[in-house]
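Basis for what follows: all heavy atoms, side chains included, without hydrogens, waters or symmetry-related copies. By convention in this document, chain letters (A, B, ...) are assigned in the order of the sequence lines, proteins followed by strands, and residues within each chain are numbered from 1. Just so we're clear, the structure is a prediction, and the values are computed from it rather than from any experiment.
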Protein chains: 2
Amino acid sequence: MPGEKGPADKGPAEKDARRRDATATRAAILASARSAFIASGYEGAGVREIAEGAGVTAMLINRYFGSKEGLFAEVLSTANQRPIIATPETLSAPDRAARISKALLKVTEPEATALDGFLIMLRSISNERAVEIARAVVESHHQKNVTEALSGPDAAERAALLMSLVAGVQIMRQVVGLDALGRDRDAQLERLLGDLVARLVNE
Amino acid sequence: MPGEKGPADKGPAEKDARRRDATATRAAILASARSAFIASGYEGAGVREIAEGAGVTAMLINRYFGSKEGLFAEVLSTANQRPIIATPETLSAPDRAARISKALLKVTEPEATALDGFLIMLRSISNERAVEIARAVVESHHQKNVTEALSGPDAAERAALLMSLVAGVQIMRQVVGLDALGRDRDAQLERLLGDLVARLVNE
DNA sequence: GTCTATAAGCCGATAGAC
DNA sequence: GTCTATCGGCTTATAGAC
């Protein structure tokens, strides 16, 4: 029947089964946006490019997320839901400093992806609005989680410095690729970093 | 003499005295570019905006620097000529860790400008070419200088971690503006940071 | 040495058809 | 639910006049 639209329209509309699924489309856009923001940051990634990666047109991004800004906020929020390095598990272990420094080196290897939430933020600090969005996410998630996990005085300041150290190592090792932070130095780095982390996580 | 050009050409060309001075124009473009890259990074700053700040047209940027990329390379290089925090002076003092942590907090206050060379780099990591240029500058200047200033084993790795810490603190304190790294926490931060820095700069 | 004018293309966002 | 077509504005870079 010509007047009927949507998935009920079988027959010639095989690909519509996926194309007309709002939930799936939304998820596809989010996934594509995440990759694009990781690779190029907020300013570097374009809505057309993101849409193409999701197999849709750019217009749908505004339809589902209001704007590129709204899309960025949702990507950043979901990518920073839970702690990666200073997790409740690593923080409660007796050898937590060693565990954390080891985890930090692992997730900042050139091809690692676990710390994507942070990486998106770091690659987006050229844009003022993106920084504001990132600030809200970090304060409400990571700062809060890590502070609560640390006991002793100045927990908030120690948590903030731990995040700073993580951000700095990620930039210099994963993004910039300093020789002295290469994988072939992991042995020395693990020892040095463990020392630093111990100062922050041990009361 | 009719054949002579430049400032010697007085008379009706009052404003030409400045406008037709290639050296001054070059310097004006560099200064304007530096401000723009600090505020918006490589991708965020436009050549028109930079040219306007120098009182010239965008075309001259390509004339003097070949391209926006060439301009960026020159700005980044001049802005990172000499060390700011880990200077020969601070590193040779007996209480170097305390001095360095104090200096770091000072140059990462919200309105501070001393660490601009680093800030330009951090705001530009969304662009691949900008990162390559920044990497070359950091390796050839800061990594080299700081490593030479540190004695003892693993000097290169300790230097790289010190730069990572500086970069991380600058991002979280000056760019993101985390509450826990605010100026009202300077007393605690100075103590905590001093501890960390001591682990890196003391053999 | 510096200008105006313009090429060629990408940006985010929107109107309206189906 | 998704499309095409398009708007207005931005981008870097270049050609040619003076």
Exercise. List the steps, then state whether salt bridge (Lys or Arg N to Asp or Glu O under 4.0 Å) holds for A:Asp179 with B:Arg135.
Key: CA-CA 10 Å; A:Asp179 283 338; B:Arg135 183 189 182 282; 2.9 Å; yes
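If you take CZ of A:Arg48 and P of C:dG12, they are 7 Å apart, rounded to a whole angstrom. A:Glu43 places its CD atom 12 Å from the C1' atom of D:dT11, with the value rounded to the nearest Å. Between A:Ile61 atom CD1 and C:dT14 atom C1' the separation is 14 Å, expressed in whole Å. Atoms CD (A:Glu49) and P (C:dG9) sit 18 Å apart, rounded to a whole Å. Rounded to whole Å, the distance from CD1 on A:Ile29 to P on C:dG12 is 14 Å. Put simply, CZ on A:Phe65 is 16 Å from C1' on C:dA13, counting in whole angstrom units. A straight line from CD of B:Glu69 to P of D:dT11 spans 18 Å, rounded to a whole angstrom. Between the CG atom of A:Asn62 and the C1' atom of D:dT6 there is a distance of 14 Å, given to the nearest Å.
Here the side chain of B:Ser67 is nearest to one of C:dG12, D:dA13, C:dC3, namely D:dA13. If you check C:dG1, D:dG1, C:dC3 against the side chain of A:Ala22, the one that comes closest is D:dG1. Ranking D:dA13, C:dG1, C:dG12 by closeness to the B:Lys68 side chain, first place goes to D:dA13. Distance from the side chain of B:Met59 is smallest for C:dC3 among the nucleotides C:dG16, C:dG1, C:dC3.
Contacts of A:Ala51 with the nucleic acid, taken as non-hydrogen atoms under 4.0 Å apart, are absent.
For the pair A:Thr57 and B:Ala45, nearest-nucleotide mapping onto DNA chain D gives the more 5' position to A:Thr57.
Under the 4.0 Å criterion applied to side-chain N and carboxylate O atoms, A:Glu157 and B:Arg191 are not assigned as salt-bridge partners. No salt bridge links A:Arg123 with A:Asp116; every basic N to acidic carboxylate O contact stays at or beyond 4.0 Å.
The aromatic rings of B:Tyr42 and B:Phe37 sit parallel to each other, their planes meeting at less than 30°, with 60° as the upper class boundary.
Residues B:Ala86 and B:Leu162 come closest through the heavy atom pair CB-CD2, 4.2 Å.
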